[in-house]
Amino acid sequence: DINKALAILPNDSLVNYHAAIVYIRTAEKFLDLDDLDKAYEFFKKSNFHANKAIATYPDKLNDIYQKVYPFGYLYELHYEVGLNNYEMGWYWKEDKKNKLSKARPYFDAAVNSFTRAIAIAPSQESTDKLYEEYDMNPLMVADIHYWRGEVYQSYLRGAWWKKACPDFKISKKAK
């Protein structure tokens, strides 16, 4: 279905966003099956579509999109790219036994993506309100902080905690 949607609207931001999500879920299935090479390929496909969605993200969401995505989905795209890069970094660091030489650029890209997501994410209070009042489960900025802390912990040598701890503290404060 996603291939049909991409054939019809190849440059649509929302279609590419959903393609990125489909490829992430497919990559996760391959991770579960320990087929790491296939998982890596699907994470790359996901990043391609997520970056295309970021590049074509509209200046203003129409009313329908605004109802489905009250905070937009641009920060979620950056978050997904960060998660993909984190997984691809681990692919090179652990699975291919290449240590940090090939993994570091992916970890750096993950930190950059998470940092962009944090900069444009709605406040924790805003997402908590949606969660409590409308039973919606939006991506919370605390979750993004958690994952950025995980990336720092994964590849920084020495005093990694100096960068990771502030993120972990923010994520712990959230509900």
Side-chain angles (χ1 to χ4, degrees), residues 2 13-14 16-57 69 71-124 127 137-175:
I2 200 64
S13 180
L14 192 60
N16 279 285
Y17 168 66
H18 285 287
I21 299 299
V22 167
Y23 289 127
I24 287 171
R25 300 299 173 255
T26 306
E28 289 169 349
K29 297 276 186 207
F30 283 110
L31 282 178
D32 292 342
L33 297 171
D34 284 332
D35 190 344
L36 305 175
D37 293 330
K38 280 264 198 205
Y40 177 79
E41 290 304 314
F42 278 101
F43 281 123
K44 280 180 24 181
K45 283 184 178 185
S46 177
N47 265 6
F48 171 79
H49 288 287
N51 285 319
K52 193 170 184 181
I54 290 167
T56 59
Y57 191 81
Y69 303 100
F71 303 118
Y73 56 92
L74 185 59
Y75 78 105
E76 293 183 31
L77 284 164
H78 287 293
Y79 170 76
E80 297 297 343
V81 170
L83 286 179
N84 291 344
N85 284 320
Y86 174 75
E87 290 292 345
M88 290 189 290
W90 275 107
Y91 171 82
W92 287 108
K93 182 178 179 194
E94 292 294 320
D95 304 323
K96 293 296 182 184
K97 310 271 189 276
N98 205 337
K99 305 222 184 229
L100 282 176
S101 62
K102 285 202 173 187
R104 183 174 285 280
Y106 289 105
F107 288 134
D108 286 337
V111 167
N112 291 338
S113 292
F114 289 137
T115 301
R116 282 192 295 278
I118 289 166
I120 60 176
S123 69
Q124 188 66 42
T127 54
N137 196 11
L139 173 62
M140 297 183 183
V141 71
D143 295 329
I144 305 168
H145 278 284
Y146 171 82
W147 282 104
R148 187 171 68 176
E150 279 291 313
V151 175
Y152 282 136
Q153 180 179 332
S154 298
Y155 84 103
L156 290 179
R157 292 189 181 135
W160 60 265
W161 50 269
K162 287 183 181 178
K163 287 191 173 188
C165 278
D167 283 318
F168 286 138
K169 285 179 183 177
I170 291 169
S171 69
K172 279 187 172 184
K173 286 181 188 176
K175 295 180 182 178

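Only heavy atoms go into these numbers, but all of them, side chains included; no hydrogens, no water, no symmetry mates. Residue numbers start at 1 and run along the sequence shown.
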Please evaluate residues Phe107 and Lys93 with respect to the criterion side chain to side chain contact (heavy atoms under 4.5 Å, CB included), reporting the C-alpha separation (whole Å), side-chain torsions for both, the decisive distance (0.1 Å), and the verdict.
CA-CA 10 Å; Phe107 288 134; Lys93 182 178 179 194; 4.0 Å; yes
Would you sort out whether Ser113 and Asn85 count as a side chain to side chain contact (heavy atoms under 4.5 Å, CB included), showing the intermediate values?
CA-CA 9 Å; Ser113 292; Asn85 284 320; 4.2 Å; yes
Check whether the side chains of Tyr73 and Ser13 place a donor and an acceptor atom closer than 3.5 Å, and report yes or no.
yes
Separation between CZ of Phe114 and NE2 of His145, rounded to the nearest 0.5 Å:
11.5 Å
Under 4.0 Å between a side-chain nitrogen and a carboxylate oxygen: does that hold for Arg25 and Glu28?
yes
Value for CG (Asn51) from NE2 (His78), rounded to nearest 0.5 Å, stands at 8.5 Å
When rounded to the nearest 0.5 angstrom, what is the spacing between CG in Leu31 and OH in Tyr91?
11.0 Å
Can you tell me how far the OH atom of Tyr17 sits from the OG1 atom of Thr56, to the nearest 0.5 Å?
13.5 Å
Given Ile144 and Tyr75, is the side chain to side chain contact (heavy atoms under 4.5 Å, CB included) satisfied, shown in steps?
CA-CA 10 Å; Ile144 305 168; Tyr75 78 105; 4.0 Å; yes
Of the non-hydrogen atoms in Ala110 and Tyr86, which two are nearest, and what is the gap between them?
CB-N, 3.8 Å
Judged by modelled atom types alone, do Trp92 and Tyr40 share a side-chain donor-acceptor pair under 3.5 Å?
yes
For Asn84, side-chain hydrogen bond (donor to acceptor under 3.5 Å, both in side chains) partners two or more places apart:
Ser46, Asn47
Val111 and Tyr152: side chain to side chain contact (heavy atoms under 4.5 Å, CB included), yes or no, with the steps?
CA-CA 8 Å; Val111 167; Tyr152 282 136; 3.4 Å; yes
Determine the minimum heavy-atom distance between Gly89 and Ala103, stating which atoms define it.
O-CB, 3.2 Å
Name of the residue among Leu83, Val81, Leu77 meeting side-chain contact (heavy atoms from CB on, under 4.5 Å) with Tyr79
Leu83
Residues in ring-ring contact (aromatic ring centres under 6.0 Å, His included) with His49, at least two apart?
Tyr23
Non-neighbouring partners of Phe48 that pass ring-ring contact (aromatic ring centres under 6.0 Å, His included), sequence neighbours left out
none
In Å and rounded to the nearest 0.5 Å, what is the CD to CD distance from Gln153 to Glu150?
5.0 Å
Working to the nearest 0.5 Å, report the span between CD of Glu87 and CZ of Phe42.
15.0 Å
